[in-house]
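Read through the structure below, which is laid out as C-alpha cells, and then see the notes.
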Amino acid sequence: MKKDRSKQKLTKEDFEKFEYHDTRFYGLFYNKTDEGTKVKIDPKRFCYATNGDFAEEVLAVINKRRTHYFYPRKSEYHDYCCNVFADKIKQIRSYWEEHYRELITFAKERIEKPRLETPGSNMLFMSGVIDYDEAIDMSRMQNAQNEAAYREECYRVVMSLYASFVHQMASEIEAVTVYVLTKENALDERFNRNILYATAVNKNKKISDLPSFHYYDKLYCLWNFIKHNSTSTFEKLKTSFPEVLYEDVEYKQGFSAFTAIRFSDELIYEMLDGCDNFFKEYCELVFEENYTEAQLTYLNAGVKLTMLYIKIMQECF
C-alpha cells in the first residue's frame with residue numbers, strides 16, 4: 001500500500017533537497033485538486049528559510065491550528081473578498097496621494113492672482129476728472145472686489161475637484177461591491193444597498209450594526225447629495241452627518257452641492273480608512289473571512305519570497 005505523504009512532517013534535510021526557486025524550500029506546498037489549488041504552510045520552515053518571523057497578529061492566527069501545518073481556507077489572494085475590497089481602496093488612496101491631491105494644488109495655483117490696483121491705474125484720475133483721495137478710495141474698492149472674485153474662483157475650483165473625487169471614490173467602491181457580490185452569487189443584474197444589507201440575513205448582526213458602517217453610510221450620503229443636488233439628499237446628510245456641512249448653511253435645491261460641504265484632505269482620509277475597516281468587518285460577518293489570515297499566505301509570504309529570490313538571482317549573476 002502506498003504511503004500517504006500528505007501529512008508527513010519533513011525534516012530540515014528534506015527541505016534542503018528542494019531548489020531555491022521551489023516554494024517547498026520555504027515550507028509552502030501547493031496541491032491541485034478537483035476543487036482547485038490547495039495550500040499548506042510549514043510555519044517553522046518558512047520563518048527559518050526567510051530569516052524572519054511572523055507579526056504577533058499573524059502568529060495568533062497560525063497558533064490556532066491543531067496540526068504541524070497551517071491550512072488557509074482559500075488558496076488564492078483574491079479568493080478572499082476582503083482582499084478584493086482592500087486592494088480597491090488602496091488603489092483609490094494611491095491615486096489620491098500620488099496624483100489627485102497635487103492636481104488640486106496645481107489647479108488653484110494656476111488661477112491668475114488679481115493685479116493690485118493703484119490710484120495711478122485709474123484713468124479718471126490720470127485725466128484729472130477725480131482727485132487723488134477719490135482715486136485711492138476707488139482703487140481700494142476695486143482691489144477688494146478683485147480679491148473676492150479671485151477667492152471665489154479658487155474656492156469653486158478646489159471644492160468642485162474634491163466633489164469629483166468623492167464621486168469617483170464612491171462609484172469605484174460600489175463597482176467593486178457589485179463585482180464581489182456577483183462573484184459570490186449574491187447578485188443578479190440590479191444593485192442597491194438593500195441587496196448588500198440582505199447578505200447578512202441569518203447572521204448574528206445587521207450590516208448597519210458594524211462598528212465602521214458609519215463611514216460607509218457617510219460616503220453614500222455625500223455621494224447622493226453631490227449627484228442629485230436636492231433638498232431631500234441635503235436634509236439626509238444634515239440629519240445624519242451635520243459635521244460635513246458648513247455651520248448654519250442654507251441650501252436651495254438645484255444649487256451645486258459642493259458649495260455646502262466642508263471638503264478637506266482629512267475628510268477624504270477618514271472615509272478611505274473608515275470604508276477599508278467597514279469592508280473587513282463586512283467580509284468577516286458575511287463571508288466568515290479573517291483579514292489577517294488572508295494576508296498571511298499571499299501577501300507577507302509572497303513579498304518575502306520575491307525579495308529573497310531576487311537577492312539570490314543577483315548574487316548568482
Minimum side-chain heavy-atom gap K236-N224 below 4.5 Å: no
Aromatic contact, Y216 with F279 (centres under 6.0 Å): yes
I92 side chain near Q168 side chain, heavy-atom distance below 4.5 Å: no
Donor-acceptor pair between T233 and S230 side chains, under 3.5 angstrom: yes
Side chains of L285 and N204 in contact at under 4.5 Å (non-hydrogen atoms): yes
Residue list, side-chain contact (heavy atoms from CB on, under 4.5 Å) with D217, at least two apart or on another chain: R193, F213, C221, F241
Note, Y80 side chain near N290 side chain (heavy atom, < 4.5 Å): no
Atom pair CD/CG of E97 and L272 - distance to nearest 0.5 Å: 8.5 Å
Within 6.0 angstrom of K203 NZ, more than 12 heavy atoms from elsewhere: yes
Backbone N/O of A257 and side chain of N229: donor-acceptor pair under 3.5 Å: yes
Side chain proximity check, Y215 to N277, heavy atoms < 4.5 angstrom: no
Rounded distance (nearest 0.5 Å) linking atom CG of L222 with atom CE of M271: 5.5 Å
Which residues share a side-chain contact (heavy atoms from CB on, under 4.5 Å) with E102, sequence neighbours left out: none
Main-chain N/O of L267 paired with S264 side-chain donor or acceptor, under 3.5 Å: yes
Contact summary for V286 and T199, nearest pair of heavy atoms: CG1-O, 3.6 Å
Spatial distance of atom OG1 (T177) from atom CG (L181) [nearest 0.5 Å]: 6.5 Å
Interatomic distance, R24 atom CZ to D14 atom CG [nearest 0.5 angstrom]: 11.0 Å
Non-neighbouring partners of F234 that pass ring-ring contact (aromatic ring centres under 6.0 Å, His included), sequence neighbours left out: F225, Y251
Least distance between heavy atoms, L219 atom then C275 atom: CD2-SG, 3.9 Å
Electrostatic pair K90-D276, nearest N-O below 4.0 angstrom: no
Whether over 12 other heavy atoms sit under 6.0 Å from Y197 OH: yes
Considering all heavy atoms, the nearest L10-F18 contact: CD1-CE1, 4.1 Å
Residues forming a salt bridge (charged side-chain N to carboxylate O under 4.0 Å, His left out) with E16, sequence neighbours excluded: R45
Qualifying residues under salt bridge (charged side-chain N to carboxylate O under 4.0 Å, His left out), relative to R262, sequence neighbours excluded: none
Within 6.0 Å of CD in E250, more than 12 heavy atoms from elsewhere: no
Just distance, no hydrogens or angles: give the donor-acceptor pairs under 3.5 Å from side chains in residues 157-167, sequence neighbours left out.
{"from": "S160", "atom 1": "OG", "to": "R156", "atom 2": "O", "distance (Å)": "2.8"}
{"from": "S160", "atom 1": "OG", "to": "V157", "atom 2": "O", "distance (Å)": "2.9"}
{"from": "Y162", "atom 1": "OH", "to": "D265", "atom 2": "OD1", "distance (Å)": "2.5"}
{"from": "S164", "atom 1": "OG", "to": "S160", "atom 2": "O", "distance (Å)": "2.9"}
{"from": "H167", "atom 1": "ND1", "to": "W223", "atom 2": "NE1", "distance (Å)": "2.9"}

Side-chain (E281) to main-chain (S212) donor-acceptor, under 3.5 angstrom: yes
Heavy-atom pair of closest approach, residues N192 and N194: OD1-N, 2.9 Å
Close side-chain approach of E289 to N83, heavy-atom, < 4.5 Å: no
Side chain proximity check, W96 to Y269, heavy atoms < 4.5 angstrom: yes
